[in-house]
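These notes are about the structure you will find just below.
Protein chains get the first letters and strands the later ones, always in sequence-line order, with residue 1 at the start of each. Note that the coordinates shown come from a computational prediction; the quantities given were computed from them, not determined experimentally.
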Amino acid sequence: MSDPLDRPFSPADIEHECYQQWLDLDVFPPHGHGDPYCIMLPPPNVTGTLHMGHAFQDTLMDILVRTMRMRGRRVLWQPGTDHAGIATQMLVERQIAQENTDRHSLGRAAFLDRIWQWQKQSGGQITQQMRRLGASCDWSRERFTLDSGLSHAVTEVFVRLYEQNLIYRGKRLVNWDPVLRTAVSDLEVLSEEESGHLWHIRYPLSDGSGGIVVATTRPETLLGDVAIAVHPGDSRYQSLIGTTVRLPIINQDIPVIADEYVDPEFGSGCVKITPAHDFNDYQIGQRHHLPMVNIFSPDAHILAEAECHAGTLSRSIPEALHGMERYVARKAVLAMLKDQGLLVRTEEHRLMVPRGDRSQTVIEPYLTDQWYVRTGPLAEPAMAAVREGRIRFVPENWSKTYFDWMERIEDWCISRQLWWGHQIPAWYGPDGKIFVARHEDEAQVQASRHYGMPVSLQRDPDVLDTWFSSALWPFTTLGWPEKTPELAEFYPTSVLVTGFDIIFFWVARMIMMGLRFMGEVPFREVYVHGLVRDSEGQKMSKSKGNVLDPLDLVDGIEAEALVQKRTSGLMQPKMADKIARDTRKEFPDGIPSFGTDALRFGFAALATQGRDITFDLKRIEGYRNFCNKLWNAARFALMQAAPGAESDGEHLLLPPERWITGRLQACKASVSRAIEQYRFADAAQALYQFFWNDYCDWYIELAKPVLRSENGFSEAEQRGTRHTLLAILEEGLRLLHPIMPFITEILWQRIAPVLGRSGPSIALAPYPGMNGGVADNVADADIEWLMAVVKALRSVRGEMDIPAGRTLAVLLQAGTASDRERSERLENWLFALGRVEKLGWLEHAVEPPPAAMQLVGEMRIFVPLAGLINVEAERARLGKEEQRLRADLGKIRTKLAQESFRTRAPAEVVAKEEAQLLETEQALAQIADQQRRLLSL
RNA sequence: AGGCGCGUAGCUCAGGGGGAGAGCGCUACCUUGACACGGUAGAGGUCGGCGGUUCGAAACCGCCCGUGCCUACCA
């Protein structure tokens, strides 16, 4: 024992140093001349911190990348972050609000300075955290969406799309966030059912002959009504179509129109039409050429004078309402209606309320000028790429989700009324004429040409949606628009690893942009993984207080520190008590340190094909134990080794050596197949089983008797065993490395040199191939037989409560010639593993002494009672066994009795059943004999 | 409303036309010279329900029930 490894395995001691070693050795940048393999890291928010979803996804990517690197591919895992326009700007705005100032008083340049400053100081935390996970990104190539290179590319794309008439500016109804005062895309709006009211309001007919009642959930928008719509076939309102009604409060006449959109069954069958404040109404307004009346300021307060678009209407709003916030205005409008006797009825109503995913405020449909990408011409080739198999979704079913969206895709609103982001490269002339250009100079040239003289231009103040730059990520990070070698080599990338929640946001858009600007798909496969949820199946979120920081699982955390972490910085501080309570209940002792490898293995094991992943801490604990098991197995193997001598001299391989070699072969095949199919859980399970069940439970135990001097094995045999112990482990470690990089590296550094194999890092060692180690059926059958006998003996021990320390005298009877031969040839192992002290054969006719009996095939194994055996226990056991066999027998007989089974089922199935029948009958006969014997006692 | 999932051991989940699996938990025994973050032996399931296809269904098909997510929404 020259150099015992400490125990238990303590991951904290090795991980940092190990990662630093990989950096020093330059393991991560592309190496060699193999086929390129490239994964783009979905860029996380630069200001964010690592959450479970990231850690999970990063682990899967790292497993792929490390596997391919070891297989000799030229691997690039391209990292970087995005600037997260809205989130980041909000954050810094909140900061400066505490200094009693705001971005408008600071001015654009100063405000942007503040953000950059903050970004430099606390940005990039997430990429530091990724290093803790062992992520093998090529950090030397890290990019940020606002880098000058990427910004340049974004401008280039914008200009080209504009020149190709794929970007336009238009006044449309958009999702408007009145708190952030910016447009947001459909995808940034989350609608949930909330309780509200349905107000029934009477609109008097203009001729004074009565009125009609409309139902609305938003009475304040009445100020912007321009029509009432009814269904064209609705008999109740036929006579009113084409007449006008008096709009309450405003006192203007508006027409009654007919439109198929109206559902006569709902409410009164009449709908008020407010094209400037409702998406459906907007559509109707377009169809009927109605004017659009906007009543809100950008922060959703009532205007003094309504703005009329697409028409000549002029409309004043009563002074009492001016400047009122939208919900205050709602109350005021209702009060006015009530005063005038026009509020007919109020009822409770559940309705879907759209909220901004960042601000949580109710989103307002709002009429503004915005920039749009014309998606039709981009979507068609993007769909074709998937339809034709140039891009493959894994699991395949997700392509359906992709098509669902692509077929109904709408133009993409890409402008945001923010300062943090890529400012739109558009300048306006004095008359509003648009000049889109790469630089202001270029715009000036265009303008001078247009106006015939130099004019002063004003740049569009808005910036682009962050997803616009993210959509370009697969080629801009590789240097586009320059024709760089990286671009030529790594585009199209190999696979995109992502969650299904951003198929629309990101995946579809990358495909559209990649095809447009590279003429080729951005990735060949899209592996869509599930979303990590807490142990209750709930989505993890800060506001629910159920988030786990992946690094807390790695390092461990005290209960109170965890409570503190979960309850600080909450949006709704009143939740703090409940969160603290729940947290203390779930983690009374905090979380122990599991180490990165255990966490990673857990992620791999959880990565099944389903869409939800309920995260279970107990599983991670189990994989920490697995690390410890592996660690100790390695200690054992190393303790046996004569340092440096294991590669010399003749090796003789005994059945256990040949068997474990076959097991490793099988494991390699399973793991390789699993990784290629992105079935990470299968890979993890195959490895777990191999190391724990095959290597530790059986092989190490089989090796022990060989290495004991008293058993008479030759030196060549002992050398073969010592060598195999290490060699199997060494190869297994390489197979495991992509999932558990740290522990495998440390152990490999110790083991490889003993085998005369060396290299700077296991990360650069070759991935185990399917070479050599041909299946040895004889050895497999030997060991399977041995296992069956050992298990039978252990079973007797367990049932009879025979102490483990007590050795057994065992008698065998019946059985085949090979049973007899094996019992002699494998005697050493049988004695050691079964704790047998004496083994004898009984002739067929000989009546065995009182004993417990087990069957292995036709062979009977007797453990003579001799004060050891509890007769009652043996009777009970036999009774149970008999019952089980009889049930089996019944089933088999029924099956074989069916003529249709014999004629229609495949012959081998029938033969199998027949063999089963025979075996079961024999076993029952044996048990009956044994029962008879016990009765006589 | 439409789409997509899921329902298998107490829990978390694999599997998938021919004898029900894993991990955790549970029970009993064991500090056996790698490992108690361990070992050995056990207990535990009408595979959501009902039909159909089939010689044979937990698996394939249909319907139903329960449950989750996504998309679109009725003012």
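- If you take atom P in B:C35 and the same atom in B:G49, they sit 48 Å apart, rounded to whole Å.
- Only the C1' atoms considered, B:U71 is 30 Å distant from B:A14, to the nearest whole Å.
- Here the C1' atom of nucleotide B:C55 and the CD atom of A:Glu908 are 14 Å apart, to the nearest Å.
- Comparing the same atom, P, in B:C4 and in B:C60 gives a spacing of 16 Å after rounding to whole Å.
- Applying the 4.0 Å criterion to OP1 and OP2 of B:A75, one finds that A:Lys272 has every side-chain N and O outside that range.
- Checking A:Arg904 against A:Gly805, the closest nucleotide of RNA chain B that is more toward the 5' end is the one next to A:Gly805.
- Atom-to-atom, CD of A:Gln609 to P of B:G5 comes out at 13 Å; the value is rounded to the nearest Å.
- Remark: A:Val910 engages A:Leu896, A:Phe901, A:Arg902, A:Ala905, A:Glu914 in a side chain to side chain contact (heavy atoms under 4.5 Å, CB included) (not counting sequence neighbours).
- For the salt bridge (Lys or Arg N to Asp or Glu O under 4.0 Å) with A:Arg355, the lone residue among A:Glu188, A:Glu194, A:Glu192 that qualifies is A:Glu194.
- Here A:Asn625 reaches the OP1 or OP2 of B:G38: one of its side-chain N or O atoms lies under 4.0 Å away.
- Taking every heavy atom of both residues into account, A:Pro248 and A:Arg202 meet most closely at CG-O, 3.8 Å.
- In secondary-structure terms, RNA chain B builds stems of at least 3 consecutive Watson-Crick or G-U pairs, each pair having both distances under 3.5 Å, at B:1-7 with B:65-71, B:10-13 with B:21-24, B:26-30 with B:38-42, B:48-52 with B:60-64.
- As rounded to whole Å, 10 Å separates atom C1' of B:U71 from atom CE of A:Met352.
- B:G17 and B:G5 have their C1' atoms separated by 23 Å, given to the nearest Å.
- Note on A:Ala905: a base of the nucleic acid sits closer than 4.0 angstrom, heavy atoms only.
- A:Glu407 comes within 4.0 angstrom of no nucleic acid atom, judged by non-hydrogen atoms across all strands.
- When each of B:A28, B:A72, B:C4 is scored by its nearest atom to the side-chain atoms of A:Asn397, the top-ranked nucleotide is B:C4.
- Scored by the side chain to side chain contact (heavy atoms under 4.5 Å, CB included) test, A:Leu351 finds A:Thr217, A:His349, A:Val353 as partners (sequence neighbours excluded).
- Remark: aromatic rings of A:Trp398 and A:Phe393 are distant, center separation not under 6.0 Å.
- Straight-line distance between the C1' atoms of B:A58 and B:G2: roughly 30 Å, to the nearest whole Å.
- Using modelled atom types, one finds no donor on one side chain facing an acceptor on the other under 3.5 Å when comparing A:Asp888 with A:Thr920.
- One can place CZ of A:Phe626 at 14 Å from C1' of B:A22, the figure rounded to the nearest angstrom.
- Of the candidates B:C37, B:A75, B:G3, the closest approach to any side-chain atom of A:Asp404 belongs to B:G3.
- Below the 3.5 angstrom threshold, one finds no donor paired with an acceptor across the side chain of A:Lys880 and the base of B:A43.
- Here salt bridge (Lys or Arg N to Asp or Glu O under 4.0 Å) pairs that include residues 594-603 of chain A, with residues two or more places apart or in two chains, are A:Asp62-A:Arg600.
- No engagement by A:Asp281 is indicated, since no non-hydrogen atom pair under 4.0 Å with the nucleic acid exists.
- Rounded to whole Å, the C1' atom of B:A34 lies 36 Å from the corresponding atom of B:G45.
- Going from the C1' atom of B:G48 to that of B:G66 covers 8 Å, rounded to whole Å.
- Spacing between atom CZ of A:Arg635 and atom P of B:C37 amounts to 14 Å, rounded to whole angstrom units.
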Review item, side-chain donor-acceptor pairs of residues 400-409 of chain A, under 3.5 Å, at least two apart:
residue  : atom : partner  : partner atom : Å
A:Tyr402 : OH   : A:Ala382 : O            : 2.7
A:Arg408 : NE   : A:Asp404 : O            : 3.2

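- Comment: A:Arg345 engages A:Glu347 in a salt bridge, judged by a side-chain N to carboxylate O separation of less than 4.0 angstrom.
- If you check every strand for non-hydrogen atoms under 4.0 Å, A:Lys704 touches a base.
- Heavy atoms of A:Asp263 sit under 4.0 angstrom from at least one base atom.
- Between B:C55 and A:Thr903, no contact under 4.0 Å exists linking OP1 or OP2 to a side-chain N or O.
- With sequence neighbours excluded, the residues forming a side chain to side chain contact (heavy atoms under 4.5 Å, CB included) with A:Ala703 are A:Tyr699, A:Thr721, A:Leu725, listed by chain and number.
- Using a 4.0 Å heavy-atom cutoff across all strands shown, A:Arg679 reaches sugar-phosphate atoms only and no base atom.
- The separation between A:Tyr237 atom OH and B:A75 atom C1' is 12 Å, rounded to whole Å.
- Summarising the geometry, the separation between CZ on A:Phe901 and C1' on B:G17 is reported as 13 Å, rounded to the nearest angstrom.
- Phosphate contact (OP1/OP2 of B:A75, side-chain N/O of A:His200, threshold under 4.0 Å): absent.
- The side-chain tip of A:Arg533 does not point at the ring of A:Phe615 from less than 6.0 angstrom away and within 45° of straight on.
- Regarding contacts with the backbone of B:C37, every side-chain N or O of A:Asn632 stays at 4.0 angstrom or more from both OP1 and OP2.
- With sequence neighbours left out, A:Asp694 forms a salt bridge (Lys or Arg N to Asp or Glu O under 4.0 Å) with A:Arg663.
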What's touching nucleotides 39-41 of chain B from the protein side, N or O pairs under 3.5 Å?
residue : atom : partner  : partner atom : Å
B:G39   : OP1  : A:Lys629 : NZ           : 3.0
B:G39   : OP1  : A:Trp692 : NE1          : 2.6
B:A41   : O3'  : A:Ser795 : OG           : 3.4

Distances for protein N/O vs nucleotides 65-70 of chain B N/O pairs under 3.5 angstrom?
none

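- Between A:Tyr688 and A:Phe626, the ring center distance clears the sub-6.0 Å criterion.
- The side chain to side chain contact (heavy atoms under 4.5 Å, CB included) search around A:Ala666 returns none, not counting sequence neighbours.
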Next on the checklist: Applying side-chain contact (heavy atoms from CB on, under 4.5 Å) to A:Tyr203 and A:Leu342, what does each step give before you reach the verdict?
Outcome noted: CA-CA 7 Å; A:Tyr203 285 42; A:Leu342 296 175; over 6 Å; no

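- Applying the salt bridge (Lys or Arg N to Asp or Glu O under 4.0 Å) criterion to A:Glu872, with sequence neighbours excluded, gives A:Arg875.
- If you check every strand for non-hydrogen atoms under 4.0 Å, A:Cys696 touches a base.
- For the segment residues 216-228 of chain A, the set of residues with a heavy atom within less than 4.0 Å of an atom of RNA chain B comprises A:Thr216, A:Thr217, in numerical order.
- Distance CD (A:Gln685) to P (B:A14): 11 Å, rounded to an integer number of Å.
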Item to check | Verdict with reasoning, A:Glu621 to A:Phe594, per side-chain contact (heavy atoms from CB on, under 4.5 Å) | outcome: CA-CA 7 Å; A:Glu621 185 183 336; A:Phe594 296 126; 3.7 Å; yes

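- Nucleic acid contact for A:Tyr623: none, since no nucleic acid atom lies under 4.0 Å from a heavy atom of the residue.
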